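The structure under discussion appears below in the form of structure tokens.
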Amino acid sequence: GFDYPLMEAQARGIPTLVSDIPVHRELHLNKSLFFSFDDSGASLANQLGHITKDLSLWVEISKGGLDHVKCFSLGKQLKAIQTVLKEVVI
């Protein structure tokens with residue numbers, strides 16, 4: 001998939017926490033908080049603690065997500081898909 005659940009949350013101004021994998025780093029750097037998925041939940045708990053105790057961090061991640069989703073409008077996605085399909089068909 002294309003991280004649609006994350007994008008949906010960002011579009012509603014909900015700060016997102018994402019697993020620290022390359023695709024998430026590429027798409028969500030400075031727009032989400034990252035956590036390791038191989039530490040029995042310790043980094044996730046740590047990030048949850050940070051974002052719930054620091055209102056400025058909550059606002060920063062929320063605004064970053066709102067700005068981020070504007071880059072991926074349905075119109076832009078449709079044009080990108082049509083471009084790829086034209087290249088494949090030709």
Side-chain angles (χ1 to χ4, degrees):
F2 180 69
D3 288 341
Y4 285 115
L6 290 171
M7 305 289 274
E8 289 171 0
Q10 290 174 341
R12 287 167 178 73
I14 299 168
T16 51
L17 287 81
V18 298
S19 57
D20 193 357
I21 59 174
V23 68
H24 288 162
R25 283 266 169 207
E26 180 181 339
L27 290 173
H28 301 286
L29 190 62
N30 300 321
K31 297 153 188 76
S32 295
L33 294 179
F34 293 85
F35 64 90
S36 296
F37 52 87
D38 59 357
D39 65 357
S40 299
S43 60
L44 175 59
N46 188 41
Q47 292 291 45
L48 282 169
H50 280 114
I51 201 159
T52 57
K53 294 176 185 169
D54 184 347
L55 181 59
S56 64
L57 178 60
W58 181 284
V59 170
E60 176 187 338
I61 298 299
S62 177
K63 286 183 178 179
L66 285 167
D67 291 340
H68 185 233
V69 295
K70 292 176 186 173
C71 298
F72 297 97
S73 70
L74 289 177
K76 287 181 182 179
Q77 290 181 51
L78 179 60
K79 283 184 180 183
I81 292 169
Q82 288 172 335
T83 299
V84 169
L85 288 175
K86 285 178 185 176
E87 291 174 6
V88 172
V89 173
I90 293 176

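Keep in mind that what you see is a predicted model, and the values were worked out from it rather than measured.
Under the 4.5 Å side-chain criterion, counting only non-hydrogen atoms from C-beta, S19 is not in contact with F34.
The 12-atom threshold is exceeded at CG of L78, counting heavy atoms of other residues, nucleotides or ligands nearer than 6.0 Å.
A continuous path of hydrophobic side-chain contacts links V23 to M7 [ILVMFWY only; heavy atoms under 4.5 Å]. Hydrophobic clustering keeps I14 apart from F72 (ILVMFWY residues linked when any side-chain heavy atoms are closer than 4.5 Å, directly or through intermediates). Cluster membership check: F35 shares its hydrophobic cluster with I61, using side-chain heavy-atom separations under 4.5 Å among Ile, Leu, Val, Met, Phe, Trp and Tyr. In the hydrophobic cluster analysis, where Ile, Leu, Val, Met, Phe, Trp and Tyr join through side-chain heavy atoms closer than 4.5 angstrom, F37 is grouped apart from L44. When the side chains of ILVMFWY residues are joined at heavy-atom separations under 4.5 Å, either directly or via intervening members, L57 and L17 end up in a single hydrophobic cluster.
Note that the CD1 atom of I81 and the CG atom of L74 stand 9.5 Å from one another [nearest 0.5 Å]. In this structure, L48 CG and K53 NZ are separated by 10.5 Å, a value rounded to the nearest 0.5 Å. Atom NE2 of H50 is separated from atom CG of L33 by 9.0 Å, given to the nearest 0.5 angstrom.
For the pair S62 and G13, the tightest heavy-atom approach, listed with the atom from each and the gap, is OG-O, 2.6 Å. When all heavy atoms are compared, the tightest approach of L66 to Q10 is CD2-O, 3.2 Å.
For the pair K31 (side chain) and L29 (backbone), a donor-acceptor distance under 3.5 Å is present. Using a distance-only test at 3.5 Å, with no hydrogens or angles considered, a donor-acceptor pair links the side chain of S43 to the main chain of S36. Put simply, the side chain of H68 gets close to the backbone of L27: a donor and an acceptor are under 3.5 Å apart.
Partners of R25 according to the salt bridge (charged side-chain N to carboxylate O under 4.0 Å, His left out) rule, which considers only residues two or more places apart in sequence or in another chain, are D20.
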